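Working notes for the structure below.
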Amino acid sequence: MSDKTHEHHGRRLATVKELAATPGYNVFSESAIRHQIFNSEPRIASNGEVLAGNGLAEFGAILRVNRKVLIDLDRYDTWLDAHRVGAE
C-alpha cells in the first residue's frame, strides 16, 4: 500500500490531495477529482432542469466525515472501470 493512502477496517482510503499524488491515480489532478465529486449526484440547474450525476456517489466511493472528504479506492476503481470507453 502506498504511503499516501490509509487503511481503515480493510478499506483503502485517501483524501483528494493524496489520491491525486498516488501512483496509478495521478493521471487525475486534484481539481479533476473535485469536479468528479461535485458532479457525483443529480442536481438542479438554475433553469430547474435536473442534471444527472456521474454515479460516483452511488458506488459508495465518497465518504464525508464532517468537512473531510475521503475516497474509497476500491470503489473508485470499480466506478472508473464502469466508465471506460467501450464498457458495457
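Atom set for the values below is all heavy atoms of this structure, side chains included, hydrogens, waters and symmetry mates excluded. No experiment lies behind these values; they were computed from the predicted model shown.
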Could you point out which residue of Phe38, Phe28, Tyr25 forms a side chain to side chain contact (heavy atoms under 4.5 Å, CB included) with Ile33? Phe28
Atom pairs and distances, donor-acceptor, side-chain atoms in residues 47-66, under 3.5 Å, two or more places apart:
residue: Asn47; atom: OD1; partner: Glu49; partner atom: N; Å: 2.9
residue: Asn54; atom: OD1; partner: Leu56; partner atom: N; Å: 2.9
residue: Asn54; atom: ND2; partner: Gln36; partner atom: O; Å: 2.9

If you look at every heavy atom in Ala20 and Ser29, which pair is closest and at what distance? CB-C, 4.1 Å
For Asn39 and Arg43, which heavy atoms make the closest approach, and how far apart are they? OD1-NH2, 2.6 Å
Salt-bridge contact Asp74-Arg12 (side-chain N to carboxylate O under 4.0 Å): yes
For a quick test of reading the model, state the closest non-hydrogen atom pair linking Thr15 to Leu70 and the distance between them. CG2-CD2, 3.8 Å
Interatomic spacing from CD1 in Ile71 to CG in Asp77 - rounded to 0.5 Å: 11.5 Å
CZ-CG distance between Arg34 and Leu19, expressed to the nearest 0.5 angstrom: 10.5 Å
Applying side-chain contact (heavy atoms from CB on, under 4.5 Å), run through Leu13 and Leu73 and close with a yes or a no. CA-CA 6 Å; Leu13 304 174; Leu73 298 181; over 6 Å; no
